[in-house]
Amino acid sequence: MTRPRRRKVLFVVHGLDGGGAERVVVRLLCSLDRARFQPVLLLFRRAGVYLPQVPPDVPVVDCGRYASGGRWRWLARFVGILRAERADVIVSFLWFANALTVVARAVSGVSGRLVVSERVTLTGAREGLFTEAFRRLVLATLYRFADRVVPNSQEMARQLVGALRLSAARVVPLPNPLDVEAILARARGPGPRGPEGLPRVVAMGRMTPQKGFDLLLRAVARLETPCRVAVLGEGSGLGGLAALAAELGLTDRVEFPGFLENPYPVLAAAAVFALPSRYEGFPNALVEAMALGLPCVAARCPTGPEEIITDGVDGLLVPMEDPDALAAAIGRLLADSALRARLGEAAARRARDFDLPVVVRRFEALFEEVAD
């Protein structure tokens, strides 16, 4: 019996900075069945905190977006790489890379199937009217030339079919994979856990308005139960959040540790995890906290939390843009250890639905389907 040919899968992403989509790419690169797939990674720029985590057997090619030698020459290199690699399946992540990959595949003339992965809601995102209008126009124009479009939530799939009028048969929602065992192991390893004493509320993500950390600070200022707060991550909004903490009189109770390569000891030692986002795609940080058995409070923002948490069963959901409701939910958890334990145990069970082996098998099935 002849062995089936290994299919080359070329992953395309701008860089490997500390975002959720980049983590998904690395997890897929690490976990794809090497007997059936040969993964290759194409970066617009060879940089990012997750670059060291790329497996050594995965070739990394770089378009050199910020290299010298012409502002747009990297796009020609991109097209040349597609021709040279001759991948069976091309998988791109995030709308800017997706749009360029659709165009580059058409220019290159390669026959590899294209899967574009959309990670952020189409309704409720607050990136500015021009940016959002331009993004919708680009997606509506170009995504119809992809063989499959993969959002990370059912609601986002409905948006792509409804707002962009994509064929429902080509839109395949798949959640982000979560490596539960690795998270549990790393939580037991060395790492900062924070001071003893007051219970700790933790949040994690990029320091941008999207994540709503300003709402969390305002909620904590309303709490009657004393607690400490740690907001993990980095970004341009850090200065504004530090100033808001000072304005609210929280400077001595709020920490901004920055990006932590291993945040899980901090999460594991927390009393509550908060996700006050204004919009999401699929919030990795929320599911990671749930995997560690943390009771979680999340805003009912566009796409993500309502498909992950069942309110009152494995977490608490609160209205968006409502610091009072957020404060009430956090205070309720801090005051009730039995509730924290019950929701935390249910959260850990729910997180297993997104475990790496389960979700990666679904990605592999998709790659084989489009390649046939």
Side-chain angles (χ1 to χ4, degrees), residues 19-21 24-25 28 91-99 101-102 113-129 131-178 205 210-212 275-287 290 296 298-311 313-322 350-351 353-354 358-363 365-367 369-370:
V24 171
V25 171
L28 291 173
V91 189
S92 62
F93 283 77
L94 301 175
W95 78 268
F96 178 70
N98 293 343
T101 304
V102 171
R113 300 298 186 182
L114 176 58
V115 176
V116 298
S117 300
E118 185 55 53
R119 322 311 287 176
V120 178
T121 179
L122 294 178
T123 60
R126 303 179 184 187
E127 310 250 340
L129 290 177
T131 300
E132 283 306 302
F134 178 72
R135 177 183 172 224
R136 281 196 177 216
L137 175 63
V138 170
L139 270 54
T141 303
L142 296 179
Y143 277 16
R144 63 189 66 253
F145 295 103
D147 296 285
R148 294 292 185 277
V149 180
V150 178
N152 49 18
S153 72
Q154 297 285 344
E155 174 57 29
M156 199 185 306
R158 286 189 284 270
Q159 293 174 10
L160 290 165
V161 173
L164 301 188
R165 301 191 180 281
L166 299 179
S167 165
R170 292 192 175 191
V171 178
V172 183
L174 294 175
N176 292 351
L178 179 79
Q210 172 195 350
K211 296 299 181 180
L275 186 92
S277 300
R278 293 180 166 95
Y279 62 94
E280 281 288 350
F282 182 96
N284 288 329
L286 173 62
V287 189
M290 293 172 71
C296 298
R300 295 181 184 270
C301 63
T303 77
E306 289 189 279
E307 293 183 25
I308 296 169
I309 286 178
T310 300
D311 188 31
V313 175
D314 44 31
L316 299 179
L317 294 170
V318 298
M320 287 173 51
E321 299 279 4
D322 192 337
R350 172 60 173 149
D353 293 337
F354 309 104
V358 176
V359 179
V360 169
R361 298 295 87 79
R362 295 175 65 184
F363 272 94
L366 172 64
F367 298 158
E369 175 197 341
V370 297

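Atoms considered below: every heavy atom in the structure, side chains included; atoms not considered: hydrogens, waters and symmetry mates.
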Could you tell me whether a side-chain N or O of [X] sits under 3.5 Å from a main-chain N or O of [Y], the two making a donor and an acceptor?
{"X": "Asp314", "Y": "Ile309", "result": "no"}
{"X": "Gln154", "Y": "Glu307", "result": "no"}
{"X": "Asn98", "Y": "Phe93", "result": "yes"}
{"X": "Gln210", "Y": "Tyr279", "result": "yes"}

Does the side chain of [X] reach to within under 4.5 Å of the side chain of [Y], using non-hydrogen atoms?
{"X": "Leu178", "Y": "Met290", "result": "no"}
{"X": "Val138", "Y": "Phe96", "result": "no"}
{"X": "Val360", "Y": "Leu28", "result": "yes"}
{"X": "Val287", "Y": "Asn176", "result": "no"}

Value rounded to 0.5 Å, distance of OG in Ser153 from CG in Leu174: 11.0 Å
Supply the atom-to-atom distance Glu280 CD to Leu275 CG, rounded to the nearest 0.5 angstrom. 5.0 Å
Have a look at Glu369 and tell me which of Arg170, Arg148, Arg113, Arg362 forms a salt bridge (charged side-chain N to carboxylate O under 4.0 Å, His left out) with it. Arg148
Mind listing the closest non-hydrogen atom pair of [X] and [Y] along with its distance?
{"X": "Leu164", "Y": "Arg144", "value": "O-NH2, 3.4 Å"}
{"X": "Asn284", "Y": "Gly20", "value": "ND2-CA, 3.0 Å"}
{"X": "Gly281", "Y": "Met156", "value": "CA-CE, 3.7 Å"}
{"X": "Trp95", "Y": "Tyr143", "value": "CA-OH, 3.6 Å"}
{"X": "Met320", "Y": "Arg278", "value": "CE-O, 3.2 Å"}
{"X": "Ser92", "Y": "Thr101", "value": "CB-OG1, 3.6 Å"}

Check the pair Val24, Arg119 against side-chain contact (heavy atoms from CB on, under 4.5 Å), reporting the backbone distance first and the verdict last. CA-CA 10 Å; Val24 171; Arg119 322 311 287 176; 4.3 Å; yes
Assess whether side-chain contact (heavy atoms from CB on, under 4.5 Å) is satisfied between Val91 and Phe367, documenting all intermediate values. CA-CA 9 Å; Val91 189; Phe367 298 158; 3.6 Å; yes
Testing Val116, Val172, Leu139 for side-chain contact (heavy atoms from CB on, under 4.5 Å) with Val149, which one passes? Val116
From Asp311, Asp322, Val318, residue fulfilling side-chain contact (heavy atoms from CB on, under 4.5 Å) relative to Arg300: Asp311
Contacts of Arg158 that satisfy salt bridge (charged side-chain N to carboxylate O under 4.0 Å, His left out) - sequence neighbours left out: Glu155
Take Arg350 and Val313, measure what side-chain contact (heavy atoms from CB on, under 4.5 Å) needs, and give me the verdict at the end. CA-CA 10 Å; Arg350 172 60 173 149; Val313 175; over 6 Å; no
